[in-house]
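First the structure, in the form of C-alpha cells, and then the observations on it.
Counting begins at 1 with the first residue of the sequence. Just the heavy atoms: all of them, side chains too, but no hydrogens, waters or symmetry mates, feed the values below.
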Amino acid sequence: MQSINIEDESLLRTFAPVTVSIALGNLTKQVKTNSIQLESSCGDAQAFSFGNACASTVSMVIDGAYPDIRGERLVLSWYVREAQSYPLFIGTVTKAEISAGKTTIRAGDVMATTGGNPMMITERMRDHMTAGEGWVAVAAQLDCFYSQDDVDRLDPIGIVNGFSSLPDEVSISAVAGYLAGLVGCNAVIDRSGWLRLTGPSAA
C-alpha cells in the first residue's frame, strides 16, 4: 500500500485521470497509464508464500526512437495533479526495441537486475551475526537503501556461524529471501527503490 494525501485520494475516488511521469536518463516524457505494465515475480493472487525475493519489471511503449538507452536508470512516478507526485517504480532498462517510431522498453528493479549476482560473503559474515546485520549486508550488495524498521525487526534473530553454511555461489536474492523468511515475510524492492520486508502474500 502507498499513503497519499487526502486531496489526491478524493480526486482518485471521483475517477480523476492518473498520469505517469517517466524519467529516463536525460529524457522526461508524460504518458498514459494504459501504456505501462508492471509485473512481480512473487506469484498470483491465489498464492500464499514467504521466504521469497520478489523482483519487479515494467514494460512500456513510448513515442519516439531512443537507441542506446539500455542500462539507463528509469524512474516512474504517478500523480492526479501536478502539485504532488508519488513513486511507482525505480529500475534499469534491460531491453529497448524501436519499431514504427516508437520504443518498447523493458526494465527491472535492482532485485531483477542485480539480485541474481553471487552474494560476496566476507569473513565477518561467517561469524555469529544477527539477521538484521545480514539484511544491511544484502542492501549494500544491491546498492540500495533499507529501512531501519526492518533491521530492528530482524535484529533479535541470531544466526550461528552467519552465512558460512550457505553455498559458495548463493545469489544475493536468495539470501534476501532467506532472511525475510525468518520473520514470515518476503523481500521486495518497494516503489521508492528501497529493500523492504513485505507480508506473506503475492506482491
Inset, instruction - Output, in order, the C-alpha distance, side-chain angles, deciding distance and verdict of side chain to side chain contact (heavy atoms under 4.5 Å, CB included) for Ile36 and Phe89. - result: CA-CA 11 Å; Ile36 296 174; Phe89 176 87; over 6 Å; no
Inset, instruction - May I have the step-by-step check of side chain to side chain contact (heavy atoms under 4.5 Å, CB included) for Val175 and Gln141, ending in yes or no? - result: CA-CA 11 Å; Val175 176; Gln141 295 199 24; over 6 Å; no
Inset, instruction - Verify side chain to side chain contact (heavy atoms under 4.5 Å, CB included) between Ile90 and Asp109, making sure each step is shown before the conclusion. - result: CA-CA 6 Å; Ile90 296 177; Asp109 66 13; over 6 Å; no
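For the pair Ile22/Ile105, no side-chain contact is recorded, criterion being any heavy-atom separation below 4.5 Å from C-beta on. A heavy-atom distance below 4.5 Å is not found between the side chains of Met119 and Leu166. Side-chain contact between Leu88 and Leu38 is present, with at least one heavy-atom pair separated by less than 4.5 Å. Residues Val170 and Ile121 are in side-chain contact: their nearest non-hydrogen atoms beyond the backbone lie under 4.5 Å apart. You'll find the side chain of Thr130 stays beyond 4.5 Å of the side chain of Leu154, heavy atoms only. With contacts defined as side-chain heavy-atom distances shorter than 4.5 Å, the pair Ser56/Ile189 does not qualify. Looking at Val20 and Met60, their side chains never come closer than 4.5 Å, going by heavy atoms from C-beta outward.
One hydrophobic cluster, built from ILVMFWY side chains closer than 4.5 Å, holds both Val110 and Val136. A single hydrophobic cluster is not seen to contain both Ile62 and Val75; linkage of ILVMFWY side chains at heavy-atom distances under 4.5 Å, directly or through other members, places them apart. Leu142 and Val188 are members of different hydrophobic clusters when ILVMFWY side chains are connected at heavy-atom separations under 4.5 Å.
When all heavy atoms of Val138 and Ala176 are compared, the closest pair comes out as CG1-CB, 3.8 Å. Closest of all the heavy-atom pairs between Thr57 and Ala112 is CG2-CB, 4.4 Å. Trp135 and Ala187 get closest at one heavy-atom pair: CH2-CB, 3.7 Å.
A donor-acceptor pair is defined here as one N or O able to donate and one able to accept, closer than 3.5 Å; no such pair exists between the side chain of Ser85 and the backbone of Ser77. Judged purely by atom type and a 3.5 angstrom limit, Asn186 has no side-chain atom pairing as donor or acceptor with the backbone of Thr198.
Rounded to the nearest 0.5 Å, atoms CG (Leu74) and CG (Leu24) are 6.0 Å apart. For the atom pair Leu179 CG and Leu195 CG, the distance stands at 9.0 Å (nearest 0.5 Å). Considering CG of Asp127 and OG of Ser164, their distance stands at 8.5 Å, rounded to 0.5 Å.
Sorted by first and then second residue, the salt bridge (charged side-chain N to carboxylate O under 4.0 Å, His left out) pairs with a member in residues 147-176 read Asp150-Arg196; sequence neighbours excluded. For residues 128-143, the salt bridge (charged side-chain N to carboxylate O under 4.0 Å, His left out) pairs, not counting sequence neighbours, are Arg124-Glu133. Listed by first and then second residue, the salt bridge (charged side-chain N to carboxylate O under 4.0 Å, His left out) pairs that reach into residues 96-105 are Asp63-Lys102, Lys95-Glu97, sequence neighbours excluded. Screening residues 68-80 for salt bridge (charged side-chain N to carboxylate O under 4.0 Å, His left out), with sequence neighbours left out, gives no hits.
Alongside Met120, the hydrophobic cluster contains no other residue (criterion: ILVMFWY side chains under 4.5 Å). Think of Trp194 as one node in a network of Ile, Leu, Val, Met, Phe, Trp and Tyr side chains linked at under 4.5 Å; its network also takes in Phe145.
In terms of the side chain to side chain donor-acceptor pair (under 3.5 Å) criterion, residue partners of Ser59 (sequence neighbours excluded) are, by chain and number, Arg106. Among residues two or more places apart in sequence or in another chain, the side chain to side chain contact (heavy atoms under 4.5 Å, CB included) test is passed with Thr92 by Thr113. Qualifying side chain to side chain donor-acceptor pair (under 3.5 Å) partners for Ser173, counting only residues two or more places apart in sequence or in other chains: Ser171. Partners of Thr122 according to the side chain to side chain donor-acceptor pair (under 3.5 Å) rule, which considers only residues two or more places apart in sequence or in another chain, do not exist here. Taking Tyr178 as the reference, Ile159, Phe163, Leu182 meet the side chain to side chain contact (heavy atoms under 4.5 Å, CB included) condition, with sequence neighbours excluded. Under the rule for a side chain to side chain contact (heavy atoms under 4.5 Å, CB included), the partners of Ile4 that lie at least two apart in sequence or sit in another chain are Asp8, Glu9, Leu12, Trp78, Tyr86.
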